[in-house]
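Structure first, then comments.
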Amino acid sequence: MKKVLIANRGEIAVRIIRACRDMGIKTVAVYSDCDRAALHVRLADEAWPIGPSAPRESYLRIDKIVDVARRAGVDAVHPGYGFLAENAQFASACVDARVTFIGPSAKTISLMGSKTAARETALRAGVRVVPGTEQPIDETASEAAVREIADRVGYPLMLKAVAGGGGKGMRTVASPEDLAGALRAARSEALSAFGDAAVYLERQILAPRHIEVQVVGDEHGTIVPFVERECTIQRRHQKVIEESPSPVVSAGLRDRITSAAVAVARTVNYTNAGTIEFLLDERGEFYFLEMNTRLQVEHPITEMVTGVDLVTTQIRVARGDKLTLNAGTCVVPRGHAIECRIYAEDPDNNFLPSPGRIEGLRVPHGPGVRDDSGAYEGEEVPIFYDPLISKLITWGDTREHAIARMRRALAEYHVRGIKTTIPFFQWVLEDDDFVAGRFDTSFLDRKLAAPNGRAVRGPDAEHEELAVIAAAITEITRTPGSAPTASDSTRWRSTARVEALR
Amino acid sequence: MKKVLIANRGEIAVRIIRACRDMGIKTVAVYSDCDRAALHVRLADEAWPIGPSAPRESYLRIDKIVDVARRAGVDAVHPGYGFLAENAQFASACVDARVTFIGPSAKTISLMGSKTAARETALRAGVRVVPGTEQPIDETASEAAVREIADRVGYPLMLKAVAGGGGKGMRTVASPEDLAGALRAARSEALSAFGDAAVYLERQILAPRHIEVQVVGDEHGTIVPFVERECTIQRRHQKVIEESPSPVVSAGLRDRITSAAVAVARTVNYTNAGTIEFLLDERGEFYFLEMNTRLQVEHPITEMVTGVDLVTTQIRVARGDKLTLNAGTCVVPRGHAIECRIYAEDPDNNFLPSPGRIEGLRVPHGPGVRDDSGAYEGEEVPIFYDPLISKLITWGDTREHAIARMRRALAEYHVRGIKTTIPFFQWVLEDDDFVAGRFDTSFLDRKLAAPNGRAVRGPDAEHEELAVIAAAITEITRTPGSAPTASDSTRWRSTARVEALR
Amino acid sequence: MRLQLAVGGRVRTIEIERRGNDFHLSIDGQTRTVDAASIGVAGWSLLVRGGNGSASRSVEAAVLPQKGSSGFDVHIDGFHIPVQVKGGVGRRFGDARSQGGSSEALLRVTAPMPGKVVRVLVKPGEEVTAKQGLVVVEAMKMENELRAARGGRVRDVLVAEGQSVEAGAALVVVE
Amino acid sequence: MRLQLAVGGRVRTIEIERRGNDFHLSIDGQTRTVDAASIGVAGWSLLVRGGNGSASRSVEAAVLPQKGSSGFDVHIDGFHIPVQVKGGVGRRFGDARSQGGSSEALLRVTAPMPGKVVRVLVKPGEEVTAKQGLVVVEAMKMENELRAARGGRVRDVLVAEGQSVEAGAALVVVE
């Protein structure tokens, strides 16, 4: 494998380019109009345009991407996550073009992509699933018919898109009177997000934690599981903080849950990287939720506690290598890792997207800090895609140490010009329940609803005084007649800037 | 311990501030005139000026630093490396001011600071030393007297400053005719660098490798050694690339050399972090060279392969904690780590210093990459201090993997405006002998002398063509009448700059 | 020089004078001496003395001009703190973060980013309560519900479902 | 537009024309199409087509003006490649990295950085060979030996031991 096309953008495209570089593999980036100057384009060996900024006209265009793969003469395509990563047609189109798809087979993607078929697979593997409907409920089913099914499953329940993922087309239904509205909303969101309005019902597990197990399978029948990831900290069903290992999973439970994950993967002869998601209830029982047949956003925390590079492992498996990972050590965490997903969203304003130009950027560094980012100073964060601009990961020898380093890294992280979720994470990381590991999937939504739904963390009188000082100094140094700058270093800077403008 | 003063600057001051943050300890920076806007000043909780830029008037002023420590009410002082780190008077002055000195006792610093006394200590510990003079040769000794001693030691030999370190005041003497010149040069350099012209002689070990062992001792009698560091890649006796573990040290040798290091440390009841340096000859015999009674520049590679944070460990030991490190796991490397010291020097021009303004900076990121730096875009690299601007460290599961990641990280690293040693490292990392681990301490000086002493790695025809293309586009886009910029992003940028100048 | 700046809804009177690299400030009578070094485009490294003893506190701040206003958005310690300059034009004195402020007669709900209106949840004449959803705008693959900052009666709905809107476009007016 | 640029001691003739974001170049008769996006102060992201097939090669370059010259210092792939613009003033055509070039009658050895002269190793009238040390300047705590780029006879020694020198100050002239 000499040359790989990355059918993605943003931080994950950059992540995959780095893995290819580490293996001496050439990289081909694709980009939409607004991504011409994106970091993945700059870092790749080649870059090819694939159309307008709207995803449907570029990153979701199988024909265009396969065409570039052919013309650039690549050996393989890495889909990243999102976009076409779980699209069986794309996987087939790659194979038809004699290009290796770095992921499982189209058949497996298709099978596990149906939430109901995936549940059946888990049951066949002898793994418990959340009680619910085994058959999809298509858009023709009447509200009354759905109500009947709902009564059998029992309230509270979850309405989920069959084709779903990432919290889209998902609604909680606390009681019968909420069913009609939730059904309409879930169907509409599912249709617009996945082109398929079919939904299914699941009993809601009370106070659940979201625990998932990474697996990698090779083409020679070996499937290796990794220490679990705890992804319970979610906002509107979207993960925002992940950690590994889970603060509540014992060695015994780890053994059972990773074995269950391997059993599911083995049932479908799984190859390449995939993740099996479970709900863990208060009594320590776990239930299969779904399988993601791709690299996960949060894969770096697994890399940090096991030392395994999951992307290079994906590439090795895709080219037919036998897995040489030590199955024993992959399930024994070394230290603790946490990831915060830094989004271009305004946490003080209901997490509304905050696209725009990054006027200033200082990325944290130092021991135990990793920043997987696609952003740079001067970049225009586009409005067309997921607003994830960086994943900040810290490692420590204990959970406390990883949290302390995350606090330090967040404080060093400066993003100017757009709003980000950095202050939100600073607030969460000070929360007593978070620090104690006491939470379930409703944790954030409850915390956010609690005070007034507004500023998650407010400046105090001292901050306000400092803000006034900074503003006053800025105001008087920009007044004509006064010296424009406050120190020698500024004078150098201004001079340099004037020269740059010649 | 609530508040720590960092008696240093640059990357190591930033490194120590980060460790303090991780422990919830407040930090006090000190700075000279030219360092007002330095990163360590910006990141600390407090910052105090200590005088003019010349080190003797600021960072070497014990009185000023102790005065700030008193006024700021700190509990401890961390000296970093260099400056006052191995100054026994400074350690004493801190103790006298009732401030904890984060390092060994003044007595130990003083003892091991004398190269000849240190050799004696090693002999007492039963550790072999490089054959040489056991007594300092002071400046009054005549050339003839030195020649007599040299004849006894045997040629080739090394002339070294008794108070020395960092390759200063050190000369190789291949044969008797070189002795007079080398003696003059070593005495003059030793006098100017350390204020002491005394030297001593050592037999030169043929084809030696520089292997060193990190140890940490607590106040309760525990001394823990760490897996060795290989620091053989040196230029003019200065380390430029370090790695851990050494590619040539077997588990058996590791056991012997770490035991020898512990024996030396135990002989002086060593506390806090220190490093014992050895020369390893071709037959696998090792010889005590010297002990550094401080944190070492290259400490991060040890952190990467053991997971231990050496700076927080130093602070814990200094406040009297018992070491809880598992002595067994600290000597078993996990994976492999490499460090390149990025200097503001021009490798195409005999490594002359290249101070100045950093016009542009892109720091590498991603899996297995750590950048310990004190630099930032817009910073003026001062002429007064060591030109180290960053330590780039990579980790991989094997040496090959760590090297591959280092190549990737170096290619991502852009420093504009000043010359750096980045292209030099790119050249070394492609060298067959380096990749094979076949080298001794003369490796670099031989490689650099080989072709013509000039460009270590030259651009090829394709690079020159690309340079012409980039220059042509720049030339026509800056011609008045033509549009000044090539894309929207530039227009934004220029606008932002104009606004900033108002 | 005398300035009037408002932060957190409170007006502060500042006397500020420059002596070399130092700025001497008096804020509502409290004195501070600040050594300010400019970092990058909008950044400051401030060393602040006075107040709690003679400590020389190190603070990093970024001061970005607010769009269409003479105020600043000051970033300190992860916070975005709006500071209005008295006599500035184009923005009322008060909390810049609110959608219009609860003290005004009319509440104009505007699109905070470019996107597409996927649902309009209210009709003109309808009574709404604080935090009730008004319009759902899709941007960056997410549906974002824009809510009423306070209760009132919907006076105008200015957009329709399916319509694309620019950042700043008025969507709904509540009176 | 027609340009003459010199790199690596060789003069290249370039025809360059702009069409939208693309630049069409002909370099000594070879054609290239380049999509150039400006990044930061002096950076370019270049997508270069032509030459080896239709591949769209991605290249990052920084183009910094040389001090006191109309040439550029181009950073590509870790290299600093000097490019002179024909007709530029203040710098001769050729290798900008040399201390003065072996083709000139006089070799002026200058201080590349500010520092202190700690040793002068030659005297006027002395014959020196290529790479022989001339002066030792201390800066950044290191002693730096400045050497002769070519052999010749020392015509002038312009500094004395202990003297402080600025960057660019002439130290020794070899003829």
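First the proteins, then the strands, lettered A, B, ... as listed; each starts at 1.
Remark: A:Tyr343 pairs with no residue by the ring pair (Phe, Tyr, Trp, His ring centres under 6.0 Å) rule, at least two apart or across chains. Residues meeting the side-chain hydrogen bond (donor to acceptor under 3.5 Å, both in side chains) test with A:Ser354, sequence neighbours left out: none.
Checking each of A:Ile469, A:Leu466, A:Val468 against C:Arg32 for a side chain to side chain contact (heavy atoms under 4.5 Å, CB included) leaves exactly one that passes, namely A:Ile469.
Interface check for chain A: of the options C:Val83, C:Ile16, C:Leu25, the most heavy-atom pairs under 4.5 Å are formed by C:Ile16. Interface check for chain C: of the options A:His414, A:Glu465, A:Gln426, the most heavy-atom pairs under 4.5 Å are formed by A:Glu465.
Residue A:Ile422: no heavy atom, backbone or side chain, is found under 4.5 Å from chain C. Heavy atoms closer than 4.5 Å to chain C are found in both the backbone and the side chain of A:Ala471. For chain C, the nearby parts of A:Glu464 are the backbone and the side chain; heavy atoms of each come within less than 4.5 Å. For A:Thr420, no part sits under 4.5 Å from any heavy atom of chain C, backbone or side chain. Neither the backbone nor the side chain of C:Asp28 comes within less than 4.5 Å of any heavy atom in chain A.
Looking only at side-chain heavy atoms (C-beta outward), A:Pro459 and C:Ile76 stay at 4.5 Å or farther from each other. Between A:Ile342 and A:Leu410, the closest side-chain pair of non-hydrogen atoms falls below 4.5 Å.
Judged by distance alone, the side chain of A:Ser58 and the main-chain N or O of A:Pro52 form a donor-acceptor pair under 3.5 Å.
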